[in-house]
Amino acid sequence: MAYRMNMPPKEAQASQKLFGTDGVRGKANVYPMTAEVAMQLGRALAFLIRNGPHRHRVIVGKDTRLSGYMLEQALAAGLTSMGVDVELVGPLPTPGISNITTSMRADAGAVISASHNPYEDNGIKFFWRDGFKLPDETEGKIEELVSSGSIDSIRPTATKIGRAFRMEDARGRYIVFLKATFPRELTLEGMTIVVDCANGAAYKTAPAVLEELGAKVIALGVQPDGKNINHKCGALYPENLAKAVVKHGAHLGIALDGDADRLIVVDEKGKVVDGDAIMAICTGELVARKQLKKKMLVATVMSNIGLERAVSRWGVKVARTRVGDRYVVDEMRRNGYNLGGEQSGHLIFLDHTTTGDGTLAALQLLAVMCRAGKPLSELASIFEPVPQTLLNVVVKQKKELGELPSVMKVIKHVEQRLGNSGRVLVRFSGTEPKARVLIEGEDAARNQAFAKEIADALSKALSV
């Protein structure tokens, strides 16, 4: 099968030096994640959202990283310096910022977070007034405004300068929204749920939602100190969650990442359930309730071919996109689909929200469990994955694969040996200095050997 690349065209690379696949990201207080750049980004966003003489407003939230204080104030300063008011909501999941942006009829939303990255990193990403992430073209305009200095002379004075306010009830608003996505006729009473919030943005919201819906909640990763976000906890480290599920005899475990836009699920036996299995389960439920639009599920190139086999029993087809939940959402909006996601745990229920939401996705899964009256392990058995091997290769530079003949030679050789029984996917991470090599085929040992061949070639070509 043909390989795919996750590198934008050269023209886009030249014009977009700040934005990656999920906003601007890097080590905090080192370019581009400095207070100076944050202020410039705020000024550029403010310039773009102005559409009349009325006062404009932007919602600004963050996760629990120490550097969030610095970047929050800098971003707010940039926005207010252009005459835009700012509502500071403090630590709140990324999807919560999207939700508050739309419910408050704000002009835009901004999230200060580096998602699953370690606490030393941080990032900034924006939502438009409709709650969706900015398209590439709009990010390109912000990039141009920052680099050109064309708006440096715009300096409102006197009463035209913006103001910053602290929104005290943002968390409560978001909790009410999440609860409303869970069917009113159902309850979580009698269920024990372990939730690991990664010491991140959902450390108060996720346990509260589950408890208010009736569950007995065992909460992990709910003591953020600015440095322990994602540290041996949350979606990246489900081992502790699995142990807690078995220890407490819980019905399932839910692990969120630092900004709570994705989740990893553990069944009652302490086994991690593949993200593709969760998508298959939710697809079956929507089909049964005649709510899956156009009998289509949207996934990325990373999803296992076993997902297509699982949903085909209901006559559902899978549309694949490049990696990144924003591209999944773009495909859904463009064609009128309402369910999509990534194997990594980003699940998008477009009938409820505009972006990936780990807590909301968990609620939709719990609703299926309540209606079916079956344990998660049984529900997940509808998905049988084809063996996959994924290797991450640290690289010092990123180039289009077509510019690496030695790597291309190995890729083509592996593809020939796999034939039609498997596939090769090689892509560069949009958020880390890594190349990712995915091999899918019926023989796991063979997959591992093939992946190592390509990884070694990449390392040799891009490590200098």
Side-chain angles (χ1 to χ4, degrees), residues 61-69 72 88-97 99-100 111-122 167-179 181-182 188 191-266 268 270 272 345 356-363 365-366:
K62 60 181 180 179
D63 62 24
T64 57
R65 293 165 208 270
L66 181 63
S67 57
Y69 294 98
E72 174 191 56
L88 300 169
V89 303
L92 197 70
T94 286
I97 307 303
N99 174 257
I100 296 294
V111 182
I112 300 166
S113 172
S115 188
H116 58 275
N117 286 28
Y119 91 94
E120 297 95 337
D121 294 347
N122 218 325
M167 186 188 295
E168 301 295 343
D169 63 344
R171 186 184 304 127
R173 288 171 179 259
Y174 179 52
I175 288 173
V176 168
F177 158 74
L178 286 171
K179 288 167 59 182
T181 69
F182 190 74
L188 296 180
M191 294 191 76
T192 299
I193 301 172
V194 182
V195 57
D196 186 340
C197 299
N199 292 311
Y203 77 103
K204 287 191 176 180
T205 56
V209 168
L210 297 170
E211 286 177 349
E212 291 183 24
L213 288 172
K216 175 184 176 182
V217 176
I218 312 298
L220 310 176
V222 290
Q223 295 180 313
D225 62 9
K227 300 178 292 183
N228 59 3
I229 186 171
N230 299 316
H231 182 63
K232 297 183 179 180
C233 59
L236 293 182
Y237 299 92
E239 298 85 2
N240 290 336
L241 176 69
K243 291 177 182 177
V245 167
V246 174
K247 176 182 177 181
H248 295 280
H251 291 80
L252 82 163
I254 299 164
L256 305 171
D257 62 343
D259 69 335
D261 65 348
R262 72 182 181 103
L263 85 159
I264 297 296
V265 179
V266 170
E268 77 283 358
V272 174
D357 189 323
T359 308
L360 186 150
L363 292 176
L365 176 63
L366 284 163

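In this text, all values refer to a predicted model and were calculated from it rather than measured experimentally.
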Working to the nearest 0.5 angstrom, can you tell me the gap between [X] [atom1] and [Y] [atom2]?
X: R173; Y: L92; atom1: CZ; atom2: CG; value: 11.5 Å
X: L256; Y: L236; atom1: CG; atom2: CG; value: 11.5 Å
X: L360; Y: T181; atom1: CG; atom2: OG1; value: 4.0 Å
X: L188; Y: L366; atom1: CG; atom2: CG; value: 5.5 Å

Considering all heavy atoms, the nearest [X]-[Y] contact:
X: A362; Y: I254; answer: CB-CD1, 3.6 Å
X: L263; Y: A361; answer: CD2-CB, 3.7 Å
X: T64; Y: N199; answer: OG1-O, 2.7 Å
X: D261; Y: S115; answer: OD1-OG, 4.1 Å
X: Y174; Y: P95; answer: OH-CG, 3.5 Å

Report task. Check side chain to side chain donor-acceptor pair (under 3.5 Å) between Y119 and all other residues, then give those that pass, not counting sequence neighbours. Result -> none
Query raised in the report: In chain order, what residues pass the side chain to side chain donor-acceptor pair (under 3.5 Å) check against N230, with sequence neighbours excluded?
Result: none
Report summary line: Contacts of D63 meeting salt bridge (charged side-chain N to carboxylate O under 4.0 Å, His left out) (sequence neighbours excluded), chain-then-number -> R65
Query - Qualifying residues under salt bridge (charged side-chain N to carboxylate O under 4.0 Å, His left out), relative to D257, sequence neighbours excluded - result: R262
Query raised in the report: Under the side chain to side chain contact (heavy atoms under 4.5 Å, CB included) criterion, do D357 and L178 qualify, and how do the steps go?
Result: CA-CA 10 Å; D357 189 323; L178 286 171; 3.7 Å; yes
Query raised in the report: Yes or no on side chain to side chain contact (heavy atoms under 4.5 Å, CB included) for K62 and Y69, after CA distance, side-chain angles and deciding distance?
Result: CA-CA 9 Å; K62 60 181 180 179; Y69 294 98; 3.5 Å; yes
Return all side-chain donor-acceptor pairs below 3.5 angstrom for residues 242-252, not counting sequence neighbours, or 'none' if the list is empty.
unit_1, atom_1, unit_2, atom_2, d
H251, ND1, T192, N, 3.0

Residues 203-226, side-chain donor-acceptor partners within the protein, below 3.5 Å, at least two apart:
unit_1, atom_1, unit_2, atom_2, d
E212, OE1, K179, NZ, 2.7
D225, OD1, K227, N, 2.8
D225, OD1, N228, N, 2.9

